[in-house]
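Below is one structure, written out as structure tokens; the observations come after it.
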Amino acid sequence: MKTFMVERYGDKAGVRAGEMPAPRVGADDVLVRIHAAGVNPLDLRLRDGDFKAILPYRLPLILGNDLAGVVVQVGSAVTRFAVGDEVYARPGKDRIGTFAELIAVHQDDVAIKPAALTMEEAASLPLVALTAWQALVERAHVQPGQKVLIHAGSGGVGTIAIQLAKHLGAHVATTASTAKADLVKGLGADVVVDYKQQAFETVLDGYDVVLDTLGGETLEKSLQVLKPGGKVISIAGPPDAAFARELGANAILRLTMSVLSFKIRRRAKRRNVTYSFLFMKASGAQLRELTPLIDAGKIRPVVDRVFPFAETREAMQYVEKGRAKAGKVVVAMT
């Protein structure tokens with residue numbers, strides 16, 4: 001089957017088209033013919049080897065972390081899906097590889113595609129929608145009336161997180177450029193801070209939750225807008241020991257991650273708030289909870305551009321150079 005793969009870490013030119021054997025289908029797997037796949041910053045970080053200490057993939061590695069397609073084969077223990085079903089998924093972290101014609105995915109990680117969406121729209125959602133759900137629902141337990149700040153509101157995660165937070169009844173603030181203000185307001189943002197002209201930490205305060213997608217100084221400054229007992233959840237900051245435990249990491253790696261996040265955790269504790277790192281997990285069950293919201297129009301995908309599959313490397317470069325105006329970039333197989 002045709003794929004796009006990385007043969008050695010850290011080589012930006014090393015992502016290439018190539019042929020790989022069709023995947024083996026286990027008893028609990030569904031084999032999906034991929035129609036479209038989302039391109040995520042995570043793919044760039046995997047290409048560069050940023051996670052090789054905690055996600056020890058064997059090379060060559062097929063990249064790609066979310067998909068929409070059609071089931072063409074089911075394993076002997078599969079009960080929820082049948083050949084011909086249109087599905088979408090974020091494969092488990094150990095079984096990525098959606099920049100390909102076919103992928104075998106555990107049935108627990110798959111959901112029926114929202115009927116209202118095209119394949120390209122559906123492929124843009126799994127990773128970012130699950131990230132938003134796990135941050136705001138599973139970890140922050142956002143309640144009606146709470147104040148939530150979402151950084152980079154026009155990005156892939158931001159566009160979905162704003163809509164989900166608004167559905168949960170939150171008062172939503174976001175950071176975005178003036179050119180993106182109308183877009184994020186249309187998604188539900190109550191307050192838009194132009195990060196080019198204003199320092200968000202000086203105009204916002206009393207927030208219950210911050211979803212940090214940028215890390216660095218933005219993460220540190222986010223502590224200042226939280227009220228006592230507030231939470232900052234980061235997908236871009238340093239990993240912590242809790243994440244290491246989730247991975248089942250050894251004691252040395254747990255200690256390393258604890259050291260990496262010590263500074264930000266200490267600063268958070270001094271302000272009587274909490275910091276946690278989120279690396280989203282595959283979950284067909286959570287996608288099934290999101291699907292009715294998508295079909296009802298409460299959450300809509302934002303797709304910046306669709307590339308043909310043959311231009312997957314160009315699609316990754318487009319994302320890497322920050323050319324996307326808003327939302328997600330997708331590659332279409334057909």
Side-chain angles (χ1 to χ4, degrees), residues 41 128 131-132 134-137 139-166 168-240 242-243 257-280 322 324-327:
V128 294
T131 299
Q134 289 167 22
L136 300 178
V137 176
R139 190 167 296 186
H141 307 291
V142 171
Q143 300 298 312
Q146 287 190 315
K147 296 169 70 176
V148 176
L149 168 60
I150 295 161
H151 283 297
S154 65
V157 172
T159 53
I160 304 305
I162 289 171
Q163 297 176 80
L164 179 58
K166 199 64 184 174
L168 296 170
H171 171 89
V172 182
T174 192
T175 54
S177 66
T178 298
K180 311 290 177 57
D182 288 343
L183 168 70
V184 295
K185 286 178 181 176
L187 296 173
D190 299 291
V191 176
V192 182
V193 179
D194 184 343
Y195 65 88
K196 293 182 179 180
Q197 300 184 28
Q198 295 175 294
F200 72 89
E201 71 275 14
T202 66
V203 296
L204 302 176
D205 71 308
Y207 276 71
D208 298 277
V209 178
V210 176
L211 175 53
D212 166 53
T213 61
L214 300 171
E217 289 186 5
T218 299
L219 170 58
E220 294 187 8
K221 292 176 180 177
S222 293
L223 301 177
Q224 300 174 38
V225 310
L226 288 168
K227 69 181 187 182
K231 302 174 182 178
V232 58
I233 300 163
S234 180
I235 62 172
D240 55 16
F243 170 59
M257 292 190 187
S258 182
V259 170
L260 287 172
S261 61
F262 175 75
K263 181 180 175 182
I264 189 68
R265 288 187 293 108
R266 182 178 62 182
R267 289 185 176 182
K269 187 175 181 179
R270 286 174 177 171
R271 301 188 70 92
N272 194 25
V273 300
T274 60
Y275 165 80
S276 64
F277 173 77
L278 174 67
F279 190 93
M280 59 76 55
K325 296 178 178 65

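Keep in mind the model is a prediction, meaning the values are calculated, not measured. Computation of the quantities below employed the complete heavy-atom set of this structure, encompassing side-chain atoms and omitting hydrogens, waters and symmetry-equivalent molecules.
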Inset, instruction - Give, for atom CD of Glu201 and atom OG1 of Thr218, the distance between the pair rounded to the nearest 0.5 Å. - result: 8.5 Å

Inset, instruction - If a pair satisfies salt bridge (charged side-chain N to carboxylate O under 4.0 Å, His left out) and one of its residues is in residues 170-187, list it, with sequence neighbours excluded. - result: none

Inset, instruction - Write down the atom of Gly215, the atom of Ala236, and the distance for their closest heavy-atom approach. - result: N-CB, 3.6 Å

Legend entry - Smallest separation among heavy atoms of Val192 and Ala176, with atom names: CG1-CB, 4.2 Å

Legend entry - Check: Asp240 side chain, Phe277 main-chain N or O, donor-acceptor pair, under 3.5 Å: yes

Inset, instruction - Calculate, to the nearest 0.5 Å, the distance between atoms CG and CG belonging to Asp205 and Leu149 respectively. - result: 11.5 Å

Inset, instruction - Determine the minimum heavy-atom distance between Ser177 and Lys196, stating which atoms define it. - result: CB-CE, 4.3 Å

Inset, instruction - Please assess Val191 against His171 for the test side chain to side chain contact (heavy atoms under 4.5 Å, CB included), listing each intermediate value before the final yes or no. - result: CA-CA 8 Å; Val191 176; His171 171 89; 3.7 Å; yes

Inset, instruction - Only counting residues at least two apart or in another chain, list the ones meeting side-chain hydrogen bond (donor to acceptor under 3.5 Å, both in side chains) with Thr178. - result: Asp194

Inset, instruction - Output the distance between atom CZ (Phe243) and atom CG (Leu260), rounded to the nearest 0.5 Å. - result: 11.5 Å

Inset, instruction - Just jot down the side-chain hydrogen bond (donor to acceptor under 3.5 Å, both in side chains) partners of Asp190, sequence neighbours excluded, or say none. - result: Lys166

Legend entry - Residue pairs fulfilling side chain to side chain donor-acceptor pair (under 3.5 Å) with at least one residue in residues 220-235, sequence neighbours excluded: His151-Ser222, Asp208-Lys227, Asp212-Ser234, Glu220-Arg267

Inset, instruction - State whether the side chain of Arg265 and the backbone N or O of Ser258 hold a donor-acceptor pair below 3.5 Å, judged by distance alone. - result: yes

Inset, instruction - Show the numbers, then the answer: is there a side chain to side chain contact (heavy atoms under 4.5 Å, CB included) between Leu223 and Ile264? - result: CA-CA 9 Å; Leu223 301 177; Ile264 189 68; 3.7 Å; yes

Legend entry - Distance in Å, Ile162 CD1 paired with Thr174 OG1, rounded so as to fall on 0.5 Å steps: 4.0 Å

Inset, instruction - May I ask you to decide if Ala173's main-chain N or O and Lys147's side chain share a donor-acceptor pair within less than 3.5 Å? - result: no

Legend entry - Least distance between heavy atoms, Leu278 atom then Thr131 atom: CD2-O, 3.7 Å

Inset, instruction - Begin with the C-alpha distance, continue with both residues' side-chain angles, and end with the deciding distance and a verdict on side chain to side chain contact (heavy atoms under 4.5 Å, CB included) for Val137 and Leu164. - result: CA-CA 9 Å; Val137 176; Leu164 179 58; 4.3 Å; yes

Inset, instruction - For the residue pair Val232 and Val273, establish whether any side-chain heavy-atom pair is separated by less than 4.5 Å. - result: no

Inset, instruction - Quick one: list whatever passes ring pair (Phe, Tyr, Trp, His ring centres under 6.0 Å) with Tyr275, sequence neighbours left out. - result: none

Inset, instruction - Rounded to the nearest 0.5 Å, what's the gap from OG1 on Thr274 to CG on Leu226? Could you check? - result: 8.0 Å

Inset, instruction - Compare every heavy atom of Val148 with every heavy atom of Ala170, then report the nearest pair and how far apart it is. - result: CB-CG2, 3.7 Å

Legend entry - Gap separating the OG1 atom of Thr213 from the CD1 atom of Ile233, nearest 0.5 angstrom: 12.5 Å

Legend entry - side chain to side chain contact (heavy atoms under 4.5 Å, CB included) against Thr159, all qualifying residues, sequence neighbours excluded: Leu187, Val302

Legend entry - Distance-minimising heavy-atom pair for Ile150 and Ala165: CD1-CB, 4.1 Å

